[in-house]
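Okay, structure first, notes after.
Throughout, protein chains are lettered first and strands after them, A, B, ... in sequence-line order, and every chain is numbered starting at 1. Side-chain atoms are counted along with the backbone in the values below, which use heavy atoms only and exclude waters and symmetry mates.
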Protein chains: 2
Amino acid sequence: MTVTIIGLGLIGGSMALDLKTKRFADRIIGVDRNPEHSKIALEKGLVDEIHKLIFAIKEADLIVLAIPVDGIKKILPFVLDHTTHQVVTDVGSTKFEIVETVRHHPKRACYVPFHPMAGTEFSGPDAAINGLFSQKVGIICDMADSEQKSLERITQLTMVLNMRLIFMNAKEHDLHAAYVSHISHLTSFALALTVLEKEHNEKNIFNLASGGFDSTVRLAASSADMWMPVFSQNRNNVVEVMETYIEKMTLFKDLIASDAKEDVTRLIHEANQIQKTLTHFTWNNKD
Amino acid sequence: MTVTIIGLGLIGGSMALDLKTKRFADRIIGVDRNPEHSKIALEKGLVDEIHKLIFAIKEADLIVLAIPVDGIKKILPFVLDHTTHQVVTDVGSTKFEIVETVRHHPKRACYVPFHPMAGTEFSGPDAAINGLFSQKVGIICDMADSEQKSLERITQLTMVLNMRLIFMNAKEHDLHAAYVSHISHLTSFALALTVLEKEHNEKNIFNLASGGFDSTVRLAASSADMWMPVFSQNRNNVVEVMETYIEKMTLFKDLIASDAKEDVTRLIHEANQIQKTLTHFTWNNKD
């Protein structure tokens with residue numbers, strides 16, 4: 001099968017690696033408007049060939065859009081315009097605005113809105129790694145709007161990547177993604193901004209980072225090219241969860257300021273419950 | 001050397017393991033008011049003997065207080081009252097209120113205020129692991145107030161644990177600990193509270209956690225017994241940095257709400273700078 005991957009960054013590049021290793025694809029065509037990324041992707045063997053978009057669409061059996069979500073919104077209608085037999089998917093972290101863009105497109109059924117819940121804080125083809133998707137969750141949205149053949153192809157893709165597949169509608173997806181994933185990135189960005197403002201001595205940041213800061217701030221290295229469009233497209237949900245977050249933080253602050261020991265203890269015990277949720281479900285006991 | 005460790009949790013237990021393995025101690029006495037912890041510590045071989053506090057002080061060459069910081073404040077004066085030749089240290093995450101408590105104690109010089117910047121989100125003797133302190137920073141505070149012999153003993157201890165030693169005064173320590181370490185725990189607790197309130201479907205939390213939530217929320221499992229007293233003792237610094245954090249988060253929220261794309265991008269780029277700070281300094285290039 002020929003797979004065309006549009007966008008040779010962390011996600012597109014890592015997917016290319018796995019699809020080649022697992023022999024899902026026998027030919028991978030890369031498309032990237034950044035010539036440097038294309039060069040690295042060829043050199044690292046992520047893709048076999050680099051082509052212009054039109055040719056890459058025509059040659060493909062499966063097309064994966066792995067660019068920021070504002071780019072997906074722009075390019076997806078064009079890709080569907082040129083689709084004959086191809087299955088088209090994307091890996092964007094928002095779904096609602098993207099599916100809205102092609103809701104009435106005559107080729108809508110060839111497209112499967114997809115979100116692999118996998119990534120690192122790094123970006124670009126140099127960040128691509130084997131096994132990035134393994135044992136992670138993949139979400140297919142609005143499955144009723146995609147044709148059988150396309151759904152089967154993306155299901156096969158997730159099996160090859162060793163992902164666990166779940167289904168949601170696009171609206172739900174964006175809500176839950178804001179509630180769990182997008183807010184995590186925002187708390188990390190805000191933490192980085194805070195520490196950079198308060199702690200003027202960089203050496204202190206480095207020295208004290210192993211006290212937990214390193215883990216909570218990890219995501220603050222994430223790319224603006226990817227995340228700004230996510231926050232923009234999903235801003236209603238994102239702003240709602242940020243408001244709740246600010247309320248919780250303000251409550252915590254007020255209780256600490258008034259040295260309300262029992263209330264602070266109670267809040268920490270409540271927060272501790274998250275661990276139960278994260279360990280209650282397991283890969284094998286997923287329902 | 002006989003080492004008495006008061007408090008057989010994650011930190012005390014892990015220290016016991018290393019001090020035994022590296023033959024720094026040939027006899028480790030444990031003290032814990034929780035009989036279950038004492039039993040586990042004996043069974044796991046973290047300590048050789050369990051004794052009452054008075055006897056454990058008398059028998060020791062080195063005494064390590066590894067209990068929550070409110071407990072340290074209470075017990076440290078009592079330990080110093082009974083000190084004859086022993087070196088005394090603690091591993092608390094705050095320092096100023098603790099050193100104030102014993103500022104005029106006749107045995108103050110036997111005591112070395114210490115803070116190893118190491119830990120995990122788990123607690124109790126079952127969480128104790130070998131090598132917890134390796135390649136982490138250890139902070140000695142107010143060194144001028146401790147006698148030479150005691151400082152040398154704690155320096156040896158950090159070398160045996162493979163830590164990198166730095167020096168601060170207690171007031172500075174608490175400020176910088178709030179700015180980098182304590183705030184990280186608070187952002188994690190607030191994130192957990194937010195997600196537990198917004199996301200009523202626990203399965204969604206589990207399914208979407210690999211999108212970065214798991215790493216940013218890790219510290220939310222941390223123990224209230226340990227952290228409430230830290231926030232209480234260090235509340236002026238903690239509240240100050242929380243205020244800055246809430247400002248940053250509110251700014252972020254307002255910019256996202258008004259879809260100010262360029263400003264959001266700029267904020268993310270600013271936050272990205274933290275990565276440079278964390279990678280600029282390395283273990284070997286520490287100054």
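Under the 4.5 Å side-chain criterion, counting only non-hydrogen atoms from C-beta, L219(A) is not in contact with F213(B). Using a 4.5 Å cut-off on side-chain heavy atoms (C-beta onward), V195(B) and V241(A) make no contact. Under the 4.5 Å side-chain criterion, counting only non-hydrogen atoms from C-beta, N207(B) is not in contact with M117(A). When side chains are defined from C-beta on, Q275(B) does not count as touching R218(A), because their heavy atoms never get closer than 4.5 Å.
Electrostatic pairing of E202(B) and K276(A) does not count as a salt bridge here, judged by no charged N lying under 4.0 Å from a carboxylate O.
In this structure, chain A has a heavy atom under 4.5 Å from the side chain of V238(B), while its backbone stays farther away. Proximity to chain A involves both the backbone and the side chain of L267(B), based on heavy atoms less than 4.5 angstrom apart. For E240(B), the parts lying under 4.5 angstrom from a heavy atom of chain A are both the backbone and the side chain. Contacts between E270(B) and chain A at a heavy-atom distance below 4.5 Å involve backbone atoms as well as side-chain atoms. Proximity to chain B involves both the backbone and the side chain of E199(A), based on heavy atoms less than 4.5 angstrom apart. Both the backbone and the side chain of L193(B) come within less than 4.5 Å of a heavy atom in chain A. Only the backbone of S222(B) comes within less than 4.5 Å of a heavy atom of chain A; no side-chain atom from C-beta onward does.
Atom CG of L191(A) is separated from atom OG1 of T244(B) by 11.5 Å, given to the nearest 0.5 angstrom. Note that CZ of R164(A) and OG of S210(B) are 9.0 Å apart. Values are rounded to the nearest 0.5 Å. A distance of 13.0 Å separates CD1 in I205(B) from OG in S181(A), rounded to the nearest 0.5 Å. Here the OG1-CE distance, from T265(A) to M228(B), works out to 3.5 Å after rounding to the nearest 0.5 Å.
Judged purely by atom type and a 3.5 angstrom limit, N272(B) uses its side chain to pair as donor or acceptor with the backbone of A220(A). Judged by distance alone, with hydrogens and angles left aside, the side-chain atoms of S184(B) form no donor-acceptor pair with the main-chain N or O of T216(A) at under 3.5 Å. The main-chain N or O of S215(A) is found under 3.5 Å from a side-chain atom of S215(B) such that the two form a donor-acceptor pair. Listed for the Y245(B) side chain is a donor-acceptor partner under 3.5 Å among the backbone atoms of T187(A).
The heavy-atom pair separating M249(A) from M242(B) by the smallest distance is O-CE, 3.7 Å. Between A209(A) and L278(B), the closest heavy-atom pair is CB-CD2, 3.7 Å. Of all heavy-atom pairs between A271(A) and A192(B), the closest is O-CB, 3.6 Å. Across every non-hydrogen atom of F231(A) and V264(B), the tightest pair is CD1-CG1, 4.3 Å.
Taking chain B as the reference chain and counting heavy-atom pairs below 4.5 Å, the highest number among D214(A), I256(A), V239(A) is found for I256(A). Note: K261(B) leads K261(B), E247(B), Q273(B) in heavy-atom pairs under 4.5 Å with chain A. Top candidate by heavy-atom pairs under 4.5 Å with chain B, chosen from G212(A), P116(A), S188(A), A178(A), is G212(A). For the options K248(B), H185(B), H115(B), E197(B), heavy-atom pairs under 4.5 Å to chain A are most numerous at K248(B). If you tally non-hydrogen atom pairs under 4.5 Å between each of E121(B), H182(B), H269(B), E243(B) and chain A, the highest count goes to E243(B).
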Open item on the list: Test side-chain contact (heavy atoms from CB on, under 4.5 Å) on F252(B) and L186(A); report intermediate values, then the result.
Closed with: CA-CA 8 Å; F252(B) 233 129; L186(A) 289 159; 3.9 Å; yes
Task: Residues N204(B), Y179(A); criterion side-chain contact (heavy atoms from CB on, under 4.5 Å); working and verdict - done: CA-CA 9 Å; N204(B) 281 332; Y179(A) 283 179; over 6 Å; no
Task: CA sep, side-chain torsions, deciding dist, call: L208(A), I139(B), side-chain contact (heavy atoms from CB on, under 4.5 Å) - done: CA-CA 9 Å; L208(A) 304 181; I139(B) 305 171; 3.3 Å; yes
- [ ] List the steps, then state whether side-chain contact (heavy atoms from CB on, under 4.5 Å) holds for L196(A) with T277(B).
- [x] CA-CA 9 Å; L196(A) 288 168; T277(B) 303; 4.2 Å; yes
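Listed by chain and residue number, D259(A) satisfy the side-chain hydrogen bond (donor to acceptor under 3.5 Å, both in side chains) test with R235(B) (two or more places apart in sequence, or in another chain).
Within a 6.0 Å sphere centred on CZ of R33(A), heavy atoms belonging to other residues, nucleotides or ligands number 12 at most.
Using a 4.5 Å cut-off between non-hydrogen atoms, the part of residues 165-176 of chain B that approaches chain A consists of I166(B), M168(B), H176(B).
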